[in-house]
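Notes follow once the structure below has been shown.
What you are looking at is a predicted structure, and each value in this text was computed from that prediction instead of being measured.
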Amino acid sequence: MRNAPTILHLDMDAFFASVEQASKPSLRGKAVVVGGLGPRGVVATASYEARVLGVHSAMPMAQARRLAPNAAYLVPRFMLYRTISEQVMALLRELSPLVEPLSLDEAFVDLEAGGTAWDEESARRAGVKLRADIRAVTGLTGSVGLAASKMLAKIASEQAKPDGLTLIEPGTERAMLGPMTVRTLPGVGPATGDHLRRAGISTVEELAEAGEDELVRLLGKAHGHALYAMALARDERPVVAEREAKSVSVEDTYDVDIHDRLRVGLEVQRLADRCVGRLRGAGLSGRTIVLKVRRYDFSTLTRSETLRGPTDDPVVIREAAARLLESVDTTGGVRLLGVGVSGLADYTQEDLFAQAMPVLPAEEPEKGVPEPVVERPEPAERQWRAGQDVRHTEYGHGWVQGSGLGRVTVRFETPQSPPGRVRTFLVDDPALESADPLPLTADPRHPPAGLAPPGSDRHEAPHQAPAASDDARPAGPRPGPDAGPPAGGGREAGADGASGIGREAGVGRSVGVGCEAGADRSVGVEGEAGADRSVGVEGEAGGGRSVGAEPAEGAGQASSDPASLPKSWSGAAGGGVTSRP
DNA sequence: TCTGGGGTCCTCTAGCTC
DNA sequence: TCTGGAGCTAGAGGACCC
């Protein structure tokens, strides 16, 4: 282990939620939850405001809604997050060529290898500058950990959260780690944590005292040795810039369990094709085909088959997946299916034939493959996805809060503007078109795309809206703190109507609807506290009313059935109590 | 309450060959 | 010829991470 804290770990704070807050001023300071909005969705990221209410990652969305009924629930926009992530990674590469991304929002940097830092002082300077640069370029905050090893740098960044910097001075590591819980150490999850607790080990110090042999006996060779080393603050792993993928897989969880064997087969074929699309997109082929089945009772089975040589041939992979499915009992229903390929290789000689075949689009089955019966027909009307960026010829840039019953509700604001106003249009309003996300900052290195100048909406959202209902109402007194819905018990309607979301999240079926609106009642109402009929056009994510895979779910149908109205609506986060422009 | 998606790594077991 | 052990690989499942 080196003598200076020159390994940096960056962890962006509540990344997905922060990006949404940065791009939507009306959500700033509010509880925002990003994740799959279907009935089986889970939370990907919660803003710190939502965390205060007990919402955290990996929590079932239904539970999050109970804890934070007034939060804004949004589907992830991975394209946007990837763009922001690339900006952050570029800043990291200015520090060193040795950058090891762990995910979109997290990376290690070897500052010493880049000549950026050689001692405590220079490392701290680099960390401070990095945080300032990230804020300038993206408008977001990140937490930085600095230490002499990867493990310690990661622990340090965790301690620095949110929006801080922690440096662990060499020589102080063991004293610092000692009283911490074993769960602090990377690789100790709930199962290992429980296992150790039953053995009377709950702190890192106790872990070190237990001794290596005991840990190996308890946890097995690899885990035991590794954990003992970590307990002594020993970690020699280098920062590795390039890591090769070992497997490629796709999987879908279905809103409703699939019982029909024929349909299970068709879904597996569809997943196999998607997997091939990914595989070819990465220029890879693989030898081992893996089928994953999660049954109605959440038990998970995998079946695999290793071929003689690597392939990216959709026919071969489809057939292998079908063979594997034959060995699985699906009576009782399946909730998840997945197809993966491991044993990856670059193209081999025998794959030349496969290479000559047309490349599959990542998400589309090859021609000739029967479409699964679950595919929904395209609705005749235009679809607007909650959270989607749009532009109106008159009002400028905004984002879709929800749609349904032939209407779409848009909040007109940009990352640089104050919270904007909400207006409702017909879904096929020719003045409304989808738009690219705007840059989160006006940083000169990343000039705005030129759709709507920052702040323009503030003055360009006049009351005389010919095509739209003018939703502006006297603000009136607020009913209370952010926690409550607006007066009138704001509700939303037609959640199902705003379908078609969620594909980009990779949750093919967990198609939720974001901040929702669309009932007649929402027209002309801003959903603002104090409005006489504030019907909660904002903030709601569809109440788990995802557009399901099952046609019986009424996919794509806007609902006007009062009984189907979601239990919650939005108030706090969604804008019911956001500041008025 | 009811648990995503996309990965990596590890352990255990069984079958095969020498 | 039979048997047992070592070493290897494949297959299955679990734990963990973000």
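- The pair A:D163-A:R135 counts as a salt bridge, with a side-chain nitrogen and a carboxylate oxygen less than 4.0 angstrom apart.
- Look at A:K292 and you won't find any side-chain N or O under 4.0 angstrom from OP1 or OP2 of C:dG11.
- Within the 4.0 angstrom heavy-atom criterion, only backbone atoms of the sugar-phosphate kind lie near A:E106; the bases stay farther away.
- Proximity of A:T192 to the phosphate of C:dA15: no side-chain N or O atom is located under 4.0 Å from OP1 or OP2.
- The side chain of A:L301 lies closest to C:dG13 when the candidates are B:dC2, B:dG7, C:dG13.
- Taking only side-chain nitrogens and oxygens, A:S304 comes nearer than 4.0 Å to OP1 or OP2 of C:dA12.
- The nucleotide whose nearest atom lies closest to any side-chain atom of A:V42 is, among C:dC16, C:dG13, B:dT3, B:dT3.
- Considering only side-chain atoms of A:T253, the nucleotide from C:dC18, B:dT11, B:dG4 that sits closest is B:dG4.
- Of the side-chain N and O atoms in A:R287, one or more sit less than 4.0 angstrom from OP1 or OP2 of C:dA10.
- Nearest nucleotide to the side chain of A:P60, out of C:dA15, B:dG4, B:dT1: B:dT1.
- A:D194 and A:R197 are joined by a salt bridge, as a carboxylate oxygen and a charged side-chain nitrogen come within less than 4.0 angstrom of each other.
- Both tests pass for A:R294 against the ring of A:F298: distance under 6.0 Å to the centre and angle within 45° of the axis.
- Computed from coordinates, the A:H56 NE2 to B:dG4 C1' distance equals 15 Å when rounded to whole Å.
- A close approach under 4.0 Å does occur between a side-chain nitrogen or oxygen of A:R294 and OP1 or OP2 of B:dG4.
- Remark: A:R335 is in phosphate contact with B:dT3, judged by side-chain N or O atoms under 4.0 Å from OP1 or OP2.
- Taking 4.0 Å as the cut-off between side-chain N and carboxylate O, A:R40 and A:D257 count as a salt-bridged pair.
- Taking atom P in both B:dT1 and C:dC18, the straight-line distance is 28 Å, to the nearest Å.
- Residue A:L104 is out of contact with every strand shown, counting any heavy-atom pair closer than 4.0 Å.
- Between A:T306 and C:dA10, a side-chain N or O to OP1/OP2 separation shorter than 4.0 Å is absent.
- B:dG5 atom C1' lies 8 Å from atom CZ of A:F78, rounded to whole Å.
- Ion pairing of A:E326 with A:R323 is absent here, as no side-chain N (NZ or NE/NH1/NH2) approaches a carboxylate O to less than 4.0 Å.
- The side chain of A:T288 contributes no N or O atom lying less than 4.0 Å from OP1 or OP2 of C:dA10.
- Put simply, the side chain of A:Q388 does not reach to within 4.5 Å of the side chain of A:W399, judged on heavy atoms.
- Whole-Å rounding puts the A:D297 CG to B:dT3 P distance at 13 Å.
- Salt bridge A:D312/A:R280: present, at least one basic N to carboxylate O contact under 4.0 Å.
- An OP1 or OP2 oxygen of B:dG4 is reached within less than 4.0 angstrom by no side-chain nitrogen or oxygen of A:R40.
- Residue A:R278 has a polar side-chain atom (N or O) positioned under 4.0 Å from OP1 or OP2 of B:dG6.
- Distance CG (A:L37) to P (B:dT3): 14 Å, rounded to an integer number of Å.
- In terms of phosphate contacts, A:K246 brings a side-chain nitrogen or oxygen within less than 4.0 Å of OP1 or OP2 of B:dC9.
- In this structure, A:L219 atom CG and B:dC12 atom C1' are separated by 16 Å, rounded to whole Å.
- At the phosphate of C:dA10, neither OP1 nor OP2 sits under 4.0 Å from any side-chain N or O atom of A:R308.
- The separation between A:E305 atom CD and C:dA12 atom P is 10 Å, rounded to whole Å.
- Checking B:dG6, C:dA15, C:dG13 against every side-chain atom of A:A191, the shortest atom distance belongs to C:dA15.
- The residue among A:E244 and A:F298 whose nearest nucleotide of DNA chain B lies closer to the 5′ end is A:F298.
- Computed from coordinates, the A:L307 CG to C:dA10 C1' distance equals 13 Å when rounded to whole Å.
- Looking at heavy-atom distances under 4.0 Å, A:V250 makes contact with sugar-phosphate atoms alone, never a base.
- Side-chain atoms of A:E206 and A:S202 form a donor-acceptor pair, as typed in the model, at a separation below 3.5 Å.
- Comparing C:dC17 with B:dT3, their P atoms are spaced 22 Å from each other, to the whole Å.
- Each of A:L336 and A:S247 lies near DNA chain B, and the nucleotide nearest A:L336 is the one positioned closer to the 5' end.
- Summarising the geometry, the separation between CG on A:L324 and P on C:dA10 is reported as 15 Å, rounded to the nearest angstrom.
- Residue contacts for A:V248: at a heavy-atom cut-off of 4.0 Å it reaches the sugar-phosphate backbone alone, with no base atom in range.
- Phosphate proximity of C:dG13 to A:R303: present, with a side-chain N or O under 4.0 Å from OP1 or OP2.
- Within the nucleic acid shown, A:A58 comes within 4.0 Å of at least one base atom, counting heavy atoms only.
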